[in-house]
Amino acid sequence: MAHFPQATANDPTVVRSGPLTWVQQWHWFERTIPPSRRVNPTPLADHCHVPPAATLDDIHAALTSLTHHHEALRTTIDALHPVQHVHRTGWAPLPFDQVEVTAVDARTLEAATAALAACPIDPERHPPWRARVLLEAGKPRAVLMAAHHVVIDGWGLAVLLGQLHGRLCGGALPARAPLHPLDTVDTQPSQRARAAEREWLTRLETNPTCVLAPFGGSHGGEGRHRLQHRSVAAYQHLDRVARRYRASAETVVLAALAHDVASRTGEHRFLASAVVSNRARAALRDSVGVQALTVPVQIALRPQAPFGDVVASVATACAAAYRHGRWRPAELVAAQARMDRRRGVVTVPTIEYNCYSWPREYLVQHTSLDASATWISSTPDEPCETLYVDLGLDEGAVTLDVTVGDHLLTADQAMALPVRLCALLRALAEGADCPLPKHPSTPPAPGWWRTSRGWAHLPDVEDVLRAHPGVLDVTVRPGTGATEDDEPHLVAHTRVASDVTPDDLHRHVLDQLGEVPGLIAPDRYDLSSADPPPDRTPTTHRAPSRLPDAGAERALADAVATLRSSDLAADPLGRPGAVDMQRSLADHGLTLVAVPRLLALLRRSGFTGIASDELAGTASLGHLAAALEPLSPRAHHGGETPR
């Protein structure tokens with residue numbers, strides 16, 4: 001979708017408006033995902049300490065000057081269109097309050113920061129940030145800040161807190177006005193973005209999926225674990241290892257993660273997503289606006305290679321990936337959904353890796369206990385499909401924040417992961433080479449089988465097929481021969497009613513791809529009918545179009561048709577016109593920036609029940625329409641999805 005409506009706010013406080021940047025578009029869409037299904041924290045939150053001489057009035061004055069300096073602090077977004085509005089100074093009261101606590105220690109800070117992060121921020125109507133002052137015996141000791149990711153990213157929040165602390169210490173803000181995302185909209189390199197997207201798709205298509213699941217976790221797990229592990233000793237070990245291999249500490253930790261995954265699973269080629277700041281230009285380093293995106297780091301290791309070779313391989317892969325740090329999330333998500341539906345497997349990276357590598361001297365200092373693990377949250381929610389690891393090197397300690405679905409790692413396994421990484425760093429610092437093992441340290445769980453596309457859990461594939469009407473019996477097993485590409489393949493041997501076709505079964509599996517971890521569509525369906533005619537064994541799947549039925553399907557089809565018409569979106573398959581319920585939203589040429597408007601059209605038609613990330617996935621419109629339900633009179637409208 002190349003053209004966005006250049007909406008302008010009717011609010012007289014607005015001084016300028018324009019489209020969201022490509023990076024912002026992702027976080028703008030992300031805010032519509034139900035909180036239990038999100039992985040990225042929204043809002044972001046952190047803290048700074050208050051110098052002894054500073055007062056509440058000083059804090060108010062510092063926040064006022066920051067709001068005047070940074071347009072992002074007075075930016076709102078449109079609810080239905082990817083548009084942002086910058087307001088004049090003083091357009092809204094400063095969003096900060098104060099709380100009295102008994103002591104500003106590490107535990108209090110952690111709890112207070114989490115509590116502030118849990119407070120919803122409505123970036124459509126109010127400033128995209130909030131602050132809270134912690135008072136101890138009436139004296140301000142710390143300032144907590146939370147920011148909405150659609151306007152301010154993690155680097156930007158660090159810039160804000162650093163400048164706030166500097167102002168409280170008597171310093172001045174930088175003389176140069178920071179760039180707002182609106183200033184960079186016209187400089188987004190479309191050609192580089194297209195090249196980056198091609199690189200992403202190429203790497204994703206060759207990425208084995210479900211690498212972690214066969215070797216740990218609780219099969220069928222429906223929640224996730226979040227924990228924080230801190231180690232003072234590992235800080236010194238990491239420094240020695242980084243100097244030994246002449247690599248950055250961040251590269252060494254990613255290499256340690258890759259070493260651990262390869263040792264545990266026996267996989268020596270998999271994908272990691274690493275966050276890059278996209279702030280190579282000096283003018284962007286003091287900007288609080290959203291710039292960071294992930295890049296695909298293709299991990300390719302050699303069995304029995306010493307750790308030095310692992311570091312070198314990861315460093316080379318990172319350097320290659322960093323060239324692709326600017327891409328269009330809306331376009332890539334749609335292209336990936338089309339690719340996933342074609343391949344019959346959802347392609348996800350094994351590791352998502354982020355580094356808080358900027359100096360943060362403004363943090364409240366407290367004693368760090370070595371090898372301590374703190375649960376951030378243990379509330380059951382939607383599982384995440386990759387291992388998320390954030391690295392911090394503040395206060396002379398290595399801090400690893402780990403988020404992982406319990407179908408990938410159990411709670412004990414999640415807590416053991418950073419302990420193993422710190423033990424590896426200690427061994428390396430003491431001179432060990434720590435070569436990769438030749439064979440995996442953990443055998444795969446029963447039912448898992450390695451295909452050319454990754455790991456598949458055959459009982460789950462059978463269960464999904466068995467749930468299709470007319471399927472009487474099914475057995476899924478590896479093919480006895482090889483495909484035309486000399487690769488192993490899955491065959492579904494199925495006894496069905498006479499009206500069930502291989503295309504029916506294939507579409508049914510495709511519609512479940514984003515819902516069942518470890519699901520891969522079989523390459524071939526061998527059908528034996530309960531009645532004549534004889535067996536059918538087609539190897540291609542070319543389903544005919546299907547027009548919508550009445551009711552929910554008609555409402556969804558009308559919404560898709562309306563958006564296609566209003567956006568003049570080209571049909572990727574070259575078949576504009578009627579809405580085909582067998583195809584996904586991406587197949588109809590719509591990207592994630594159309595999702596908020598589509599949900600609004602459905603609400604107007606009296607339907608709800610589809611999550612926004614489902615619309616951006618591989619499921620067909622017919623499958624999605626089956627989940628629609630009548631809208632409740634008290635349904636939420638606008639702002640953050642309620643928790």
Side-chain angles (χ1 to χ4, degrees), residues 4-21 23-35 38 40-45 60 63-64 66-98 115-132 144-153 156-157 160 180-182 185 288-290 592-604 608 612 631-643:
F4 304 121
Q6 301 298 303
T8 56
N10 294 323
D11 190 333
T13 67
V14 172
V15 294
R16 61 177 181 146
S17 299
L20 298 175
T21 63
V23 185
Q24 286 180 299
Q25 287 172 19
W26 167 251
H27 297 297
W28 176 79
F29 162 77
E30 189 180 38
R31 87 197 195 287
T32 68
I33 301 175
R38 297 180 197 152
N40 290 328
T42 304
L44 306 166
H60 187 278
L63 290 173
T64 300
L66 283 170
T67 304
H68 179 79
H69 188 67
H70 292 284
E71 287 184 312
L73 298 184
R74 38 195 169 89
T75 295
T76 58
I77 60 172
D78 190 275
L80 300 181
H81 300 90
V83 173
Q84 57 191 324
H85 311 287
V86 178
H87 298 258
R88 67 168 181 253
T89 303
W91 73 284
L94 289 180
F96 91 108
D97 56 20
Q98 58 196 56
L116 185 64
C119 296
I121 293 178
D122 181 358
E124 300 163 16
R125 302 173 182 84
H126 305 297
W129 63 281
R130 63 172 69 238
R132 177 165 293 165
L144 315 177
M145 288 195 75
H148 202 285
H149 215 326
V150 75
V151 180
I152 300 166
D153 64 12
L157 183 58
L160 276 178
H180 185 274
L182 278 175
V185 167
V288 305
V290 180
L592 57 82
V593 293
V595 168
R597 282 175 288 159
L598 189 146
L599 292 174
L601 290 171
L602 285 174
R603 285 196 297 267
R604 191 180 304 168
T608 187
S612 52
L631 184 65
S632 167
R634 294 188 176 183
H636 177 77
H637 293 271
E640 278 289 312
T641 306
R643 292 177 180 266

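Counting begins at 1 with the first residue of the sequence. Basis for what follows: all heavy atoms, side chains included, without hydrogens, waters or symmetry-related copies.
Residues passing the salt bridge (charged side-chain N to carboxylate O under 4.0 Å, His left out) test with R88, sequence neighbours excluded: none. In this structure, the side-chain hydrogen bond (donor to acceptor under 3.5 Å, both in side chains) partners of Q24, at least two apart in sequence or on a different chain, are T21, Q84. By the ring-ring contact (aromatic ring centres under 6.0 Å, His included) test, H60 is found to be paired with F96, residues two or more places apart in sequence or in another chain being considered. Checked against side-chain hydrogen bond (donor to acceptor under 3.5 Å, both in side chains), S612 has the following partners two or more places apart in sequence or in another chain: T32. Applying the side-chain hydrogen bond (donor to acceptor under 3.5 Å, both in side chains) test to H180 and every residue at least two apart in sequence or in another chain returns T75. The ring-ring contact (aromatic ring centres under 6.0 Å, His included) test applied to H27 returns H149, not counting sequence neighbours. Residues satisfying the side-chain hydrogen bond (donor to acceptor under 3.5 Å, both in side chains) criterion with T13, sequence neighbours excluded, are D11, H87. Residues forming a side-chain contact (heavy atoms from CB on, under 4.5 Å) with A92 (at least two apart in sequence, or on another chain): P127. Remark: R132 pairs with D97 by the salt bridge (charged side-chain N to carboxylate O under 4.0 Å, His left out) rule, at least two apart or across chains.
What you find for W129 and L73 is that their closest heavy atoms are NE1-O, 3.0 Å. What you find for A72 and I152 is that their closest heavy atoms are CB-CG1, 4.4 Å. Closest of all the heavy-atom pairs between I77 and V151 is CG2-CG2, 4.3 Å. For the pair L80 and P596, the tightest heavy-atom approach, listed with the atom from each and the gap, is CD2-O, 3.6 Å. Between P19 and L182, the shortest heavy-atom distance links the atoms O-CD2, 3.7 Å.
Defined by atom type and a distance below 3.5 Å, a donor-acceptor pair is missing between the side-chain atoms of H85 and T76.
In terms of modelled atom types and a separation under 3.5 Å, the side chain of R603 and the main chain of L598 share no donor-acceptor contact. Judged by distance alone, with hydrogens and angles left aside, the side-chain atoms of R597 form no donor-acceptor pair with the main-chain N or O of H81 at under 3.5 Å.
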